[in-house]
Amino acid sequence: MYTWTFWILVCWLVANVIWMFAQMDNQSLLKVFAWINVIAIIGGFWVFYATTAHGSLNTWFIILNWVNVVLAIYQFYAGYKKD
């Protein structure tokens, strides 16, 4: 479960960043991505702390989780800011 979740989160992060930069002016899309990121963050931290870790992915998994946190904060800011 640990490795499987890691790779799903990596794919989500790559797709999220590419699509986000392609649609920077679409505030409703940024809101949707931010809320999906919240779900990914909760799931990512839960898997990181609740399952058996693999030593080679341990550092990358926590970095991935915190990159998702920073990205979600930016998406919430950009999605909910007033013009």
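Residue indices begin at 1 and follow the sequence shown.
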Is it true that, when you exclude Tyr77 itself, more than 12 heavy atoms of the residues, nucleotides or ligands shown sit nearer than 6.0 Å to its OH?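 No, OH of Tyr77 has 12 or fewer neighbouring heavy atoms, counting only those of other groups under 6.0 Å.
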Are [Y] and [X] connected into the same hydrophobic cluster when the rule is that any two of I, L, V, M, F, W, Y join if their side-chain heavy atoms are below 4.5 Å apart?
| X | Y | answer |
| --- | --- | --- |
| Leu71 | Trp66 | yes |
| Ile63 | Val17 | yes |
| Ile62 | Val38 | no |
| Val70 | Trp60 | no |
| Trp46 | Val10 | yes |

Exercise: identify the closest heavy-atom pair between [X] and [Y]:
| X | Y | answer |
| --- | --- | --- |
| Ala34 | Ala72 | CB-O, 4.1 Å |
| Gly44 | Leu9 | CA-CD1, 3.7 Å |
| Val69 | Phe45 | CG2-CE1, 4.0 Å |

Spacing of [atom1] belonging to [X] relative to [atom2] belonging to [Y], to within rounding of 0.5 Å:
| X | Y | atom1 | atom2 | result |
| --- | --- | --- | --- | --- |
| Leu30 | Met24 | CG | CE | 6.5 Å |
| Asn26 | Trp19 | CG | CH2 | 9.5 Å |
| Leu57 | Thr5 | CG | OG1 | 11.0 Å |
| Phe48 | Ile41 | CZ | CD1 | 15.0 Å |
| Met20 | Leu13 | CE | CG | 9.0 Å |
| Phe6 | Asn58 | CZ | CG | 10.5 Å |

Do Gln27 side-chain atoms and Ala78 backbone N/O form a donor-acceptor pair below 3.5 Å? yes
Testing the 3.5 Å rule here: is there a donor-acceptor pair between the side chains of Asn37 and Trp12?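 Yes.
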Pick out which of Trp7, Tyr49, Trp4, Tyr2 makes a ring-ring contact (aromatic ring centres under 6.0 Å, His included) with Phe61.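 Only match with Phe61 under ring-ring contact (aromatic ring centres under 6.0 Å, His included): Tyr2.
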May I ask you to check if Lys31 and Phe76 form a cation-pi contact, with NZ or CZ under 6.0 angstrom from the six-membered ring centre and within 45° of the axis? no
Measuring only between side-chain heavy atoms, which start at C-beta, is Ile39 closer than 4.5 Å to Trp35?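 Answer no - side chains too far apart.
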